[in-house]
2 protein chains.
Amino acid sequence: MRRGEALDYGVLDTLLGYSLRRAQNGLYLHFSKAASDPEITPQRYAALVLIDRNPGIGQTVLSEAMGINRSGAMRLVDWFEARELAVRISQSQDARRWGVKLTPQGKKTVATMTEAVREHDAALTALLGGDGETLKRLLDQLADLTNRASSIAKVSDET
Amino acid sequence: MRRGEALDYGVLDTLLGYSLRRAQNGLYLHFSKAASDPEITPQRYAALVLIDRNPGIGQTVLSEAMGINRSGAMRLVDWFEARELAVRISQSQDARRWGVKLTPQGKKTVATMTEAVREHDAALTALLGGDGETLKRLLDQLADLTNRASSIAKVSDET
DNA sequence: TATTGTTATACTCTATAACTATA
DNA sequence: TATAGTTATAGAGTATAACAATA
């Protein structure tokens, strides 16, 4: 970011949202360094973990779990299939429903990356001293609040 | 996000980075609701504030202040100029340097939005109880740590 | 009629690389 | 040679809108 070049950041310095964006950008960059495979982005890693822990997960459920559109989950699974990290399997009862599960190679990828990601995350937490847990708790709180759609709009309408 | 549908989130539940992403996604979505103009994204708003507070700012400096590539700053300024929110002005001494400043319309946009954004941010802070300040402090700390660490390579290239 | 998977399309954000003009 | 601005291009992430097959 290279702050402090006699530049005036105005209201940005006071905004929670701006701090959040800066922190996330920093973390995003760090992720690729920590990850063993540079092509596995944070989003892809998250999807792989979800599929790994919930084999046979439907693609609509996956998209909802990740908070993205269905089409985005399609794209992710397409990408995994092209690299033979996951496969679509037809689920018996409902011919509309397809399940996704990891290939052995996909499982290996997740396992390898999880180790690296855990170390990375632990290092970050350590850098924050004892406040890592506090930060995580507040972030989760914030995410829950904003995801509970109407709450923010209501509050800012009232003020 | 619709968590808790008997879905196993695995290691994601323990990762600071994942909490950060969830929180940021939530905030990003709410920004457009708080903003008076849906086309002014968080990034564009940040750029407008920086130009407003630093009239005549060079586009390379702008890009560095925002932590993005120079080409990204070009695109932003192009977008502002097309909507007559900002103009490029030639700076006297160095014919290579161009300054960017807001038009009256741009200034009005920033002022209007800043009010809405401030209210939105205050509402978030209020929802977090007394912990808003703590969260912001920890995020800034995290951003500084990650930016410092990831700029080591850059710095040694520059020197 | 509603849902799952899918495709097409588009926009935001970001990056790399190469170019032009100037220093 | 170095820097400021620029253009071209690409890829990640996300969304909307439509469609087919199935329920």
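Throughout, protein chains are lettered first and strands after them, A, B, ... in sequence-line order, and every chain is numbered starting at 1.
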Query - Residues that, via side-chain heavy atoms closer than 4.5 angstrom, fall in one hydrophobic cluster with M74(B) - result: none
Nearest whole Å is fine: how far is [N] [atom2] from [X] [atom1]?
X      : N       : atom1 : atom2 : answer
R21(B) : dA12(D) : CZ    : P     : 16 Å
I40(A) : dA12(D) : CD1   : C1'   : 13 Å
Q43(A) : dT14(D) : CD    : C1'   : 9 Å
L76(B) : dT14(C) : CG    : P     : 8 Å
Y45(A) : dG13(D) : OH    : P     : 15 Å
L62(A) : dG13(D) : CG    : P     : 13 Å

Query raised in the report: What pairs meet the side chain to side chain donor-acceptor pair (under 3.5 Å) rule with one or both residues in residues 116-131 of chain A, with sequence neighbours excluded?
Result: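 Counting only pairs at least two positions apart or across chains, no side chain to side chain donor-acceptor pair (under 3.5 Å) contact touches residues 116-131 of chain A.
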Checking [X] now: which residues fulfil salt bridge (Lys or Arg N to Asp or Glu O under 4.0 Å) with it, not counting sequence neighbours?
X      : result
R53(A) : D8(B)
D52(B) : K107(B)
R75(B) : none
R88(B) : D78(B), E81(B)

**Report entry** Under 4.0 Å protein heavy-atom contacts per nucleotide of nucleotides 3-11 of chain C, with B for base, S for backbone only and - for none
**Finding:** BBBBBB---
Requested in this report: Quick one: list whatever passes side chain to side chain contact (heavy atoms under 4.5 Å, CB included) with K108(B), sequence neighbours left out.
Outcome: none
Report task. Working to the nearest 0.5 Å, report the span between CG of L128(B) and CZ of R137(A). Result -> 9.5 Å
Requested in this report: Using five pairs at either end of the helix from dT1(C)-dA23(D) to dA23(C)-dT1(D), determine the angle between the two local helix axes and round it to 10 degrees.
Outcome: 10°
